[in-house]
Protein chains: 2
Amino acid sequence: MSVSRRGRPAGPTGPVIGRALRLLDAFDAERRELTLSDLARRAGMPLSTTHRLMQELCAWGAVERGTDGLYRIGLRLWELGSLAPRGPGLREAALPFLEDLSRITRENVQLAVREGAEVVFVERIASSDAVPVLTRVGDRFALTATGVGLVLLAHAPVEVQEELLNGPIVRYTAKTVTDPAQLRRMLADVRSNGFSISDRQVTMDALSVGAPIRDRQGEVVAAVSLVVRHGSTTSHALARLVRTSAQAISRALSV
Amino acid sequence: MSVSRRGRPAGPTGPVIGRALRLLDAFDAERRELTLSDLARRAGMPLSTTHRLMQELCAWGAVERGTDGLYRIGLRLWELGSLAPRGPGLREAALPFLEDLSRITRENVQLAVREGAEVVFVERIASSDAVPVLTRVGDRFALTATGVGLVLLAHAPVEVQEELLNGPIVRYTAKTVTDPAQLRRMLADVRSNGFSISDRQVTMDALSVGAPIRDRQGEVVAAVSLVVRHGSTTSHALARLVRTSAQAISRALSV
DNA sequence: GACAGTCTTCCATTTTCCGGAAAGTGCTCT
DNA sequence: AGAGCACTTTCCGGAAAATGGAAGACTGTC
């Protein structure tokens, strides 16, 4: 029946919610404002579909549309995001300690949590006279390279560790450790020492020292790190400092 | 065909995205963790539907599910929210000035934007020895009562003003102005003076003074306010202070 | 004024979504 | 123990909502 004249008529091709969320994914730190066509291109959807979905998102306030026709993430979404427990709650508790750390060392301070097999940076305090770091709040990174990543990986569930160690490991520089056996040893060190060192594993001029933050139950929920220029200070002195700071934050979380 | 034995089979009853977003709406500052049944109740949906929708949202990372089975807002949503231009961008630019204001006056400082016919508080610095205020970050309020609200309403598009002035006006206290004509006069004053005064219009013990923050184009995009105990200081001195601060923030926004 | 780029509306087609019912969990109380 | 209860998960036929090509409206540019 129905000769289906020329182009095939139509019919859903995937879960609706998934498509809507894929559209939201098209936004990132570099592209906070997008046209309808941009969104359609980036999400790989027909224009008409994109248009309809964006209308629904707009109606609720997830996205906003300026007088110029550009779409932006809406306030409503920001409000919702503020309710995420790991992000903002942790962030607020840790902020004063991070500032202390920044003031004392005059180096870059970072706060991150694990999300699946990645680190997500939740807060970052940059010092003007420190190594310029490339990470921004909200950025994601491989767990295997950064100081915070090593801490979070070392205390992650075994399944996550195994999956990462058995899979391909991202290489950023010549110093990035990609050998599973060596990584295993590093993770064991992190657990016994209470801090991690990522020596030029992300960029050749920087080194980062990380330490775990624990919740009331002793579970590792986040990590702090200090990013310093390679060869600047004794890393042991830094390690003590970061570890102490992480413990202070853990204590603050428990109240 | 199909006798439809007892209960009616099924069929969509509303836009999918809308329903998903309604579920997310069930979360608020007091209830950051919800069970499936809670969500179903609060959103007024069948359990099975709720379950399926939450699964989809989980798969993408909009919400997370702890080992305890409770749903929480996910990090992914926080990341997205951080991309909202009016919220975080403005917030960061204004923060240092708000802190100055807080230090100088030792009173409560608030930063807010307009969303439709409401004010949304974007940032708030509380002083320990000031009037306890009831607003939290992310809270919404009527435009007609607060100091920030009056500023934002005074510079809102005419349609918004008319709609609000012609509709019913929320009354919080005996001093809340609900007469459209009087409100019109107040708004005109706000525009010519460059600041607003909301005298005991929200609570009987507090008074707030607001001033507009403008973007590069001179458009009013936000408002700052100082909340002080009724009868504490000369409001004129405060008005000057708030207005100066708002202008400084406007300047900072334009770079 | 034709063109290339956006954005918006329409509509026949069909696939995804719906939700009652029932089975599966993990408790507290008797 | 096992009945009782609250919460969670899976199943499935049917129906409505979602789909996307095409065509129309609206720019701004050569």
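Only a predicted model underlies this, so the values are computations on that prediction, with no experimental measurement involved.
For B:R65 and D:dC7, the CZ to P distance is 13 Å, given to the nearest whole Å. Remark: P of D:dT19 and CD1 of B:I17 are 7 Å apart, rounded to the nearest angstrom. We find that CE of A:M45 is positioned 17 Å from C1' of D:dG21, with the value rounded to whole Å. At whole-Å resolution of the value, CG in A:D68 and P in C:dG5 are 21 Å apart. Taking atom CZ on B:R22 and atom P on C:dC17, their separation rounds to 16 Å, with Å as the unit. Distance CG (A:L47) to P (C:dT9): 13 Å, rounded to an integer number of Å. Rounded to a whole Å, the CG atom of A:L70 is 12 Å from the P atom of C:dT6.
Taking side-chain N and O atoms only, B:R19 has no distance below 4.0 Å to OP1 or OP2 of D:dA16. Proximity of A:H51 to the phosphate of C:dC7: no side-chain N or O atom is located under 4.0 Å from OP1 or OP2. Contact between the side-chain N/O atoms of A:T49 and the OP1/OP2 oxygens of D:dT19 is not found at any separation under 4.0 Å. Between D:dA18 and A:R52, no contact under 4.0 Å exists linking OP1 or OP2 to a side-chain N or O.
No salt bridge links A:D25 with A:R19; every basic N to acidic carboxylate O contact stays at or beyond 4.0 Å. A salt bridge links A:R72 and A:E33; the closest N-O separation between the charged side-chain nitrogens and carboxylate oxygens is under 4.0 Å. Taking a cutoff of 4.0 Å between a charged side-chain nitrogen and a carboxylate oxygen, B:R140 and A:E79 qualify as a salt bridge.
Counting atom types as modelled, A:S37 pairs no side-chain N or O with a base atom of C:dG5 as donor and acceptor under 3.5 Å.
Ranked by how close their nearest DNA chain C nucleotide is to the 5' end, A:V16 and A:R41 are led by A:R41.
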Run the side-chain contact (heavy atoms from CB on, under 4.5 Å) check on A:R65 and A:L70 step by step: do they pass? CA-CA 6 Å; A:R65 195 160 201 196; A:L70 291 168; over 6 Å; no

